Amino acid sequence: MLGPVILAASRSDKMRRFVSAAPGTKQVVARFIAGETVDQVIPIVQDAVAKGLEVTLDVVGEDITTREQACAARDAYLELIEHLKDLDLGTKAEMSIKLSMFGQALEGGHELALANVRPVVEAAAAIGTTVTLDAEDHTTLDSMFAIHEELRKDFPQTGCVIQAYLFRTEADARRLAASGSRVRLVKGAYKEPAEVAYQQKAETDKAYVRILRILMEGDGYPMIGSHDPRLISIAQELARQAGRKLDEYEFQMLYGIRGEEHLRLAAEGHRMRVYTAYGTDWYGYFMRRLAEKPANLLFFARSILTKG
């Protein structure tokens with residue numbers, strides 16, 4: 001049950017300072033974070049595409065406390081799009097955005113986040129790609145879905161993320177599984193109370209399959225966000241039962257996790273997209289990766305002991 005403890009630590013300034021200063025941190029962070037700058041991440045994008053993979057790029061950073069920071073986050077994505085423009089990758093390189101980074105939690109945050117994300121979505125569309133809105137904790141989701149609906153009026157290719165561990169998600173999936181929609185299904189990586197979310201992995205896995213069936217049988221475009229071999233096999237079978245072709249859904253996995261599986265799925269003809277995070281404000285993202293899998297935490301602890 002280390003996961004909830006680690007997730008709680010992801011919000012602790014004291015733990016942030018400790019982890020950032022630990023001698024083995026840099027080595028482990030590099031496993032999950034592709035670089036600190038856009039210039040460092042672009043060669044990684046090009047290499048992935050050359051191997052038959054696709055990417056979704058996330059500029060990490062969530063703890064926004066001022067409007068100036070929110071605008072800076074918007075500008076970081078606009079800079080990324082400028083770098084992608086000349087590569088002519090189209091949807092092989094899309095972007096994932098957390099609205100908290102765009103000011104969602106500030107006063108007037110819903111309107112601020114919408115105002116900040118719209119120019120990014122517009123710029124992405126101008127170079128032939130798109131944006132997916134990441135799901136965060138359950139208190140932010142009504143705002144995220146409302147912004148998603150608003151953006152889709154002009155940019156229907158805008159995607160969103162739903163989380164299997166939340167009780168509400170089956171209903172959300174039914175609403176979203178419509179023609180033209182793009183929906184990424186993940187298990188969920190935030191510390192949520194028992195009133196709104198399953199607390200046991202087995203229950204979350206069962207919910208994941210139920211929700212994935214809804215998406216596969218719907219008219220939208222499912223994006224399967226999982227590293228679980230069993231769920232990947234189930235997804236392939238559900239796609240077959242629904243009569244979906246290989247280009248009518250895709251798999252998504254995190255940079256630094258199961259890299260050989262990325263290549264295997266791509267070699268089989270599947271669309272395989274690598275969620276690739278970069279930037280300097282990596283702490284929250286990094287801690288959620290540790291919480292998701294005990295082996296990641298052991299790898300981190302071993303690195304600290306080795307370097308200490």
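Note that this is a predicted model, so its numbers are computed, not measured.
Looking at residues two or more places apart in sequence or on another chain, you find a side chain to side chain donor-acceptor pair (under 3.5 Å) between T139 and D137. Residues passing the side chain to side chain donor-acceptor pair (under 3.5 Å) test with Y198, sequence neighbours excluded: R210. Partners of E203 by side chain to side chain donor-acceptor pair (under 3.5 Å), not counting sequence neighbours: none found. Evaluation of the salt bridge (Lys or Arg N to Asp or Glu O under 4.0 Å) rule for K187 yields D205, D228 as partners, not counting sequence neighbours. Residues satisfying the ring pair (Phe, Tyr, Trp, His ring centres under 6.0 Å) criterion with H270, sequence neighbours excluded, are Y249, F251. For R168, the side chain to side chain donor-acceptor pair (under 3.5 Å) partners two or more places apart in sequence, or in a different chain, are D142, D172. Contacts of A135 classified as side chain to side chain contact (heavy atoms under 4.5 Å, CB included), with partners at least two apart in sequence or in another chain: L141, M144, V161, Q163. Every residue two or more places apart in sequence or in another chain that forms a side chain to side chain contact (heavy atoms under 4.5 Å, CB included) with A164 is listed here: L185, T204, Y208, I211.
Note: the hydrophobic cluster containing Y165 does not contain I214 (ILVMFWY, side chain heavy atoms under 4.5 Å, direct or indirect links). There is no path of hydrophobic side-chain contacts, each under 4.5 Å, that joins F167 to L212. Residues L176 and V186 do not share a hydrophobic cluster, clusters being chains of Ile/Leu/Val/Met/Phe/Trp/Tyr side chains in contact below 4.5 Å.
No side-chain heavy atom of L87 sits under 4.5 Å from any side-chain heavy atom of V49. With contacts defined as side-chain heavy-atom distances shorter than 4.5 Å, the pair P193/H138 qualifies.
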Return all side-chain donor-acceptor pairs below 3.5 angstrom for residues 106-117, not counting sequence neighbours, or 'none' if the list is empty.
{"residue": "H110", "atom": "ND1", "partner": "S143", "partner atom": "OG", "Å": "2.7"}
{"residue": "N116", "atom": "OD1", "partner": "R74", "partner atom": "NH1", "Å": "3.4"}
{"residue": "N116", "atom": "ND2", "partner": "F102", "partner atom": "O", "Å": "3.1"}

Review item, side-chain donor-acceptor pairs of residues 152-160, under 3.5 Å, at least two apart:
{"residue": "R152", "atom": "NE", "partner": "P156", "partner atom": "O", "Å": "2.8"}
{"residue": "R152", "atom": "NH2", "partner": "P156", "partner atom": "O", "Å": "3.2"}
{"residue": "R152", "atom": "NH2", "partner": "G180", "partner atom": "O", "Å": "3.1"}
{"residue": "K153", "atom": "NZ", "partner": "E150", "partner atom": "OE1", "Å": "3.0"}
{"residue": "D154", "atom": "OD2", "partner": "R118", "partner atom": "NH1", "Å": "3.3"}
{"residue": "T158", "atom": "OG1", "partner": "F155", "partner atom": "O", "Å": "2.8"}

May I have the list of side-chain donor-acceptor pairs in residues 75-84 shorter than 3.5 Å, sequence neighbours left out?
{"residue": "Y77", "atom": "OH", "partner": "D58", "partner atom": "OD1", "Å": "3.3"}
{"residue": "Y77", "atom": "OH", "partner": "V59", "partner atom": "N", "Å": "3.0"}
{"residue": "Y77", "atom": "OH", "partner": "S96", "partner atom": "O", "Å": "2.5"}
{"residue": "E82", "atom": "OE1", "partner": "K85", "partner atom": "NZ", "Å": "3.2"}
{"residue": "E82", "atom": "OE2", "partner": "K85", "partner atom": "NZ", "Å": "3.4"}
{"residue": "H83", "atom": "ND1", "partner": "E79", "partner atom": "O", "Å": "3.0"}
{"residue": "H83", "atom": "NE2", "partner": "D39", "partner atom": "OD1", "Å": "3.2"}

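In this structure, R175 does not pair ionically with E149, as no charged nitrogen and carboxylate oxygen lie closer than 4.0 Å.
Here M223 is tied into one hydrophobic group with Y221, each link being a pair of ILVMFWY side chains closer than 4.5 Å.
Judged purely by distance below 3.5 Å, without hydrogens or angles, the side chains of E54 and T91 never pair a donor atom with an acceptor atom.
Around atom CD of E260, no more than 12 heavy atoms belonging to other residues, nucleotides or ligands sit under 6.0 Å away.
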